Amino acid sequence: MFTNVDDVKLKLEGADYICSREITTVVYLAAATQKPILVEGPAGVGKTELAKAVATGLNRQLIRLQCYEGLDEAKALYEWEYSKQLLYTQILKEKTGELMVGAATLTEAADRIATQEDAFFSERFIQPRPLLQAISAPEPVVLLVDEVDKSDPEFEAFLLEILSDFQISIPELGTRQAVNIPFVFLTSNNFRDMSDALKRRCLHLYIDYPALELERKIVLLKVPRISEALADQVVSAIRAIRDLDLKKGPSISETLDWAQSLIALQVEDLSPEIVKDTLNTIVKYRADADLVKENIAKVVNQ
């Protein structure tokens, strides 16, 4: 585990994740208190990557639950492998027949079969899903509940129970307590507001677009072939574009895509023409592209 905030910074940088002091402090406190982190912010600012970097830094397995509308407990917890159960039933049909020999009534036959239910409702027939995998893992893991805001409020309420007690009830098998409490990250793109109850159980972290110098460091780390001069121009242009009234401003992931594209085109100096030619890697809406073109002089200082 982390020894202090500086250790968090060191381990995250070792996983190629550069971030602010605020982020490393929240990660350290979450690790120290064994509380989940609810990470909110615009898409593409590194919320999911933070969980991955923590898993890498701690040398832990990352287990990811991707949320979506309609996600239910079965897909998040476990499912019974009914086809496998049926196969075993067919194979053991003869033994089942022997078990019921001498049964005078259907009730007696059913009672005899009931005594063998454990043979068909056991660990061998369970297909663990992410939540059960996380609490059953023999070694501590990082559990990422990604885009939790896209799940239904009913699933969020169910998730509260898991985060409160880190245990799961399987009716046929009983309660499963966490072998090791996982390091939990929940990410949200603000598709809908999370409940106060969920927020109370988590440390809150909002990741915004990085400051200019931090974004420059990220570009130089993630795109090692880029020159410092071009990196400066890219980051300055991106910040100018974000200041425009866009439907969706470019995230750090799009900054990196743009930098990679400029390297592929062997660009050494940013010009208005180059920005216009590569605009599709930065903005994703036609109206946004038109607005950037109209303000190209603000984007590229010539």
Side-chain angles (χ1 to χ4, degrees), residues 9 12-24 27 39-54 56-57 144 146-147 185 187-191 205-302:
K9 180 176 183 293
L12 291 182
E13 288 180 351
D16 289 344
Y17 191 90
I18 299 176
C19 59
S20 66
R21 181 80 177 181
E22 178 189 4
I23 293 175
T24 56
V27 169
V39 192
E40 296 185 302
V45 294
K47 300 185 296 295
T48 299
E49 291 303 313
L50 175 59
K52 292 179 179 179
V54 168
T56 300
L144 169 60
D146 216 2
E147 299 184 304
F185 286 85
T187 71
S188 168
N189 293 329
N190 297 316
F191 183 77
L205 175 62
Y206 186 89
I207 300 182
D208 206 343
Y209 300 121
L212 187 146
E213 186 56 34
L214 182 58
E215 188 160 14
R216 179 180 178 275
K217 289 181 180 179
I218 294 171
V219 170
L220 290 171
L221 175 68
K222 296 289 188 178
V223 191
R225 293 170 55 201
I226 196 170
S227 68
E228 292 194 15
L230 183 57
D232 288 341
Q233 292 177 5
V234 165
V235 172
S236 295
I238 285 289
R239 293 181 69 81
I241 291 171
R242 287 181 187 143
D243 287 340
L244 300 175
D245 187 20
L246 302 180
K247 185 174 183 179
K248 180 189 178 300
S251 66
I252 181 62
S253 62
E254 285 151 346
T255 303
L256 297 174
D257 288 343
W258 192 29
Q260 294 280 13
S261 300
L262 296 175
I263 293 299
L265 293 171
Q266 299 181 347
V267 172
E268 297 180 358
D269 189 61
L270 210 55
S271 67
E273 291 73 24
I274 288 294
V275 174
K276 291 176 183 178
D277 290 343
T278 58
L279 205 50
N280 60 324
T281 64
I282 310 170
V283 293
K284 310 302 180 182
Y285 294 93
R286 177 66 179 273
D288 287 352
D290 290 341
L291 186 59
V292 173
K293 291 175 183 177
E294 292 170 8
N295 293 272
I296 199 67
K298 296 179 181 178
V299 173
V300 183
N301 296 318
Q302 295 293 306

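Note that the coordinates shown come from a computational prediction; the quantities given were computed from them, not determined experimentally.
- Of all the heavy atoms in Lys298 and Ala240, the pair that sits closest is O-CB, 3.6 Å.
- The heavy-atom pair separating Tyr209 from Pro250 by the smallest distance is CE2-O, 3.5 Å.
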Kindly list each side-chain donor-acceptor pair under 3.5 angstrom involving residues 39-49, sequence neighbours excluded, with atom names and distances?
{"residue": "Glu40", "atom": "OE1", "partner": "His204", "partner atom": "NE2", "Å": "2.6"}
{"residue": "Lys47", "atom": "NZ", "partner": "Gly41", "partner atom": "O", "Å": "3.2"}
{"residue": "Lys47", "atom": "NZ", "partner": "Pro42", "partner atom": "O", "Å": "2.8"}
{"residue": "Lys47", "atom": "NZ", "partner": "Asn189", "partner atom": "OD1", "Å": "2.8"}
{"residue": "Thr48", "atom": "OG1", "partner": "Asp146", "partner atom": "OD1", "Å": "3.0"}
{"residue": "Thr48", "atom": "OG1", "partner": "Asp146", "partner atom": "OD2", "Å": "3.1"}

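- Within 6.0 Å of CG on Asp208 lie more than 12 heavy atoms contributed by other residues, nucleotides or ligands.
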**Message:** Walk me through whether Phe191 and Glu147 qualify under side-chain contact (heavy atoms from CB on, under 4.5 Å).
**Reply:** CA-CA 9 Å; Phe191 183 77; Glu147 299 184 304; over 6 Å; no
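- Shortest non-hydrogen contact noted between Pro272 and Ile296 is CB-CG1, 3.8 Å.
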**Prompt:** Would Val27 and Leu50 count as a side-chain contact (heavy atoms from CB on, under 4.5 Å) if you check the C-alpha gap in whole Å, the side-chain angles of each, and the deciding distance to 0.1 Å?
**Reply:** CA-CA 9 Å; Val27 169; Leu50 175 59; 4.2 Å; yes
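- One distance of note links CD1 of Ile241 with CD1 of Ile282; it measures 4.5 Å at 0.5 Å rounding.
- With rounding to the nearest 0.5 Å, the separation of CG in Leu205 from OG in Ser20 is 7.5 Å.
- Taking OG1 of Thr24 as the start and CD of Glu13 as the end, the distance is 9.5 Å to the nearest 0.5 Å.
- Heavy atoms only, all atoms of each residue included: Pro210 and Ile252 are closest at CG-CD1, 4.4 Å.
- Heavy atoms of other residues, nucleotides or ligands lying less than 6.0 angstrom from NZ of Lys248 number more than 12.
- Ile274 has its side chain out of reach of Val300: every pair of non-hydrogen atoms, C-beta onward, lies at least 4.5 Å apart.
- Between Leu279 atom CG and Lys293 atom NZ the span is 6.5 Å, to the nearest 0.5 Å.
- To the nearest 0.5 Å, atom OG of residue Ser251 and atom CZ of residue Arg242 are 7.0 Å apart.
- When every heavy atom of Asp277 is checked against every heavy atom of Asn280, the shortest pair comes out as O-OD1, 4.0 Å.
- Among the candidates Leu256, Leu214, Ile18, the single residue satisfying the side chain to side chain contact (heavy atoms under 4.5 Å, CB included) test with Val219 is Leu256.
- Residue Asn190 comes nearest to Ser188 through the heavy atom pair N-OG, 3.1 Å, listed as atom of the first residue, atom of the second, then distance.
- No side-chain donor-acceptor contact under 3.5 Å links Gln260 to the backbone of Asp257.
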Acceptor/donor pairs from residues 220-238 side chains to any protein atom, 3.5 angstrom cut, sequence neighbours excluded:
{"residue": "Lys222", "atom": "NZ", "partner": "Asp16", "partner atom": "O", "Å": "2.9"}
{"residue": "Ser227", "atom": "OG", "partner": "Leu230", "partner atom": "N", "Å": "3.1"}
{"residue": "Glu228", "atom": "OE1", "partner": "Arg216", "partner atom": "NH2", "Å": "3.0"}
{"residue": "Asp232", "atom": "OD1", "partner": "Arg216", "partner atom": "NE", "Å": "2.4"}
{"residue": "Gln233", "atom": "OE1", "partner": "Leu270", "partner atom": "N", "Å": "2.7"}
{"residue": "Gln233", "atom": "NE2", "partner": "Asp269", "partner atom": "OD1", "Å": "2.8"}
{"residue": "Ser236", "atom": "OG", "partner": "Asp232", "partner atom": "O", "Å": "3.0"}

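- A salt bridge does not link Glu213 with Lys217: none of the charged nitrogens is closer than 4.0 Å to a carboxylate oxygen.
- Among pairs with a residue in residues 279-289, those fulfilling salt bridge (Lys or Arg N to Asp or Glu O under 4.0 Å) read Arg286-Asp290, at least two apart in sequence or across chains.
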